[in-house]
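Order of listing sets the numbers, starting from 1, for every ligand and every atom in it.
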Amino acid sequence: MQAPAIGGVQVQRGNGQTIRLSRGASLSDFADKIGANPASLVQIMLHLGEMVTATQSVNEETLQLLAAELDYNLLVVSPEEEDRELLESFDIEFGEDEGDEGDLVARPPVVTVMGHVDHGKTKLLDAIRHTNEVAREAGGITQHIGAYQIAAEHEGEDRKITFIDTPGHEAFTAMRARGAKVTDIAVLVVAADDGVKPQTIEALNHAQAAEVPVVVAVNKVDKEGADPNKVRAQLTEYGLVAEEYGGSTLFVDISAKNGTGIDDLLEAILLTADAELDLRANDAMDAQGVAIEAHLDRGRGPVATVLVQRGTLRVGDSIVCGEAFGRVRAMLDDNGVSIDEAGPSRPVQVLGLTAVPGAGDNFIVVTDDRMARQIAQQRAARKRTADMARSGRRRTLEELFSEMEKGQVDELKLIIKGDVSGSVEALEDALLKIDVGDEVRLRVLHRAVGAITEYDVNLAVADDNAVIIGFNVRPEVRARDLAEREGVDIRYYSVIYQAIEEIEAALKGMLKPEFEEVQMGTAEVREVFKVPKIGNIAGALVRSGTIVRNSKARLIRNGVVISDNLTVSSLRRFKDDATEVREGFECGIGVGYSDIKIDDVIETFEMREKPRV
Ligand SMILES: Nc1nc2c(ncn2[C@@H]2O[C@H](COP(=O)(O)OP(=O)(O)OP(=O)(O)O)[C@@H](O)[C@H]2O)c(=O)[nH]1
């Protein structure tokens, strides 16, 4: 075959041949597929006007550009597709093999409760469980396993409904970010005395994006000043028109506190399920479903709550769940009662896995332990590669801005977290006022008070390339890990005008970041000592990295920055001065600041010059 020169480089052309690459692949991966030299692909990209290194993960557009140039038909596969293919290689179809029409039986709807803070999600979930106490099996006691099932009477029939027992859209978003579809119906809780709030809309957006029908629970109608009709009117603006107003959404007035209206709400859920969804599953096949929640129990080992979506799960089954596998040793239902089998829509706690799966991981019953182990191991290996590629995949603020300049992105999505509501609001207002013409827009996806949580990071992942702004707050440990894994950009500020200046400068294309903060170490304060002349010294355990004398430091309490601009002025191991103390060791740290409390975290950092891309 003729191999023409492109920009002076000889590469075999594809003649329309199809190749497949995973999302976030590098030029090197591309080169592997077509048996070319990675360096020559780098040169071709340069010729096409893009500077990328061979190992850097590149976006789909770039891959397609290269494929078109070389005459290959490129299919970029998502992680979900890759997993589907992995399972297919074991002759397993996830979520598809529902059998013939005749094999399908009705299954209960799976419901998630969402809504604004304090509007009563938790109270409602408790109330629903409570109304059903009579139906509980003898000997059982309420177990919070992440989901529960109740029975409600509907048109003279006893019908079951499964509720996901983690209120809020955190769980919903986390699962959606992992491609899992768990919820059939969303109950949107709106307090009648408070009306529609930002998070009400956010929750609604999540439900609509996932194409999940919504039932509105207008809560707290017992309260003085409650105005349920106002809630109906407000939601009309967002496309939720109540049935009594000529629309198709069911609104139910309830009081989660007094337990009124709960039966009507359950009825509305079943009516919506019957009208809008055809919820059926094959209960005769090997079980498949999703992990909802999992943890490591000291006595019992990994414990996972799974939702069976199809088939019947039985004690003794070999299962694989994400990267965990094992044989079902025992199953417990939401009353803590040991059961032998669980059919579609039933949540059960499973014992016997080798590791703790992640929420949103799928589980599958396979023919034997060996197959379960192989699938789990292949997934783990693939995830390691993907993680490596991915940490470079999501774009940083700087890259987003450069794409905005080129007109490729016209919206910057932000998630703002701050220490007090005043500052969060002030920051949001100020940011939204930045005027850089019509081409680019700023959109705030979420703002709240408190440390940066896993939810925030998941939201940034689900909404592709949102940037998180931490105003005097820091991420929780798990959120930090997740952000690192997913490559989500988190920006820290402690002065409002600085945040505004940087974002404004950036939006105008003038951002020239030269220094970045690099975290060196964190230490947890265990004790506080008073030392004459020096002040308070923290007896601390180094949690991560290394604490180095004279480095810059800040003090964090409950995820909120108490003081910035500190310096590690004294550092001691036992009675001796130390220049540095590593992770896992105890030491005495003085930062020239007296308001230190037990459980505070001392974070040290360094300003490093940013490598130019
Ligand atoms: N009067 C009245 N108070 C209610 C009702 N439902 C909930 N509350 C109260 O409202 C407050 C918030 O209820 P929660 O159930 O914690 O609200 P939530 O939506 O789960 O809140 P977050 O978990 O913080 O998002 C609590 O003090 C409840 O007692 C109700 O129907 N009537």
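- In summary, the atoms of ligand 1 found under 4.0 Å from a heavy atom of D222, numbered by their order in the structure, are 1 (N), 2 (C), 30 (C), 31 (O), 32 (N).
- Considering backbone and side-chain N/O of K223, none are found under 3.5 Å from N/O of ligand 1.
- The side chain to side chain contact (heavy atoms under 4.5 Å, CB included) search around A451 returns E476, not counting sequence neighbours.
- Salt bridge status for K597 with D595: present, with a side-chain N to carboxylate O gap under 4.0 Å.
- In this view, K220 satisfies the side-chain hydrogen bond (donor to acceptor under 3.5 Å, both in side chains) rule with no residue, not counting sequence neighbours.
- Contact atoms of ligand 1 toward H116: 19 (O) (distance under 4.0 Å to a heavy atom of the residue).
- Of all non-hydrogen atoms in D165 and R129, the two that sit nearest each other are OD2-NH1, 3.9 Å.
- At distances below 3.5 Å, not a single donor-acceptor pair connects side-chain atoms of T249 with backbone N or O atoms of L240.
- Close approach of ligand 1 to K123 (heavy-atom distance below 4.0 Å) involves ligand atoms 6 (N), 7 (C), 15 (O), 28 (C), 29 (O).
- Contacts between N219 and ligand 1 below 4.0 angstrom, taking non-hydrogen atoms only, involve the side chain exclusively.
- Backbone and side-chain nitrogen or oxygen atoms of A256 are examined, and one is located within less than 3.5 angstrom of a nitrogen or oxygen of ligand 1.
- The shortest N or O to N or O distance between G120 and ligand 1 is under 3.5 Å.
- Within a 6.0 Å sphere centred on CG of D481, other residues, nucleotides and ligands contribute more than 12 heavy atoms.
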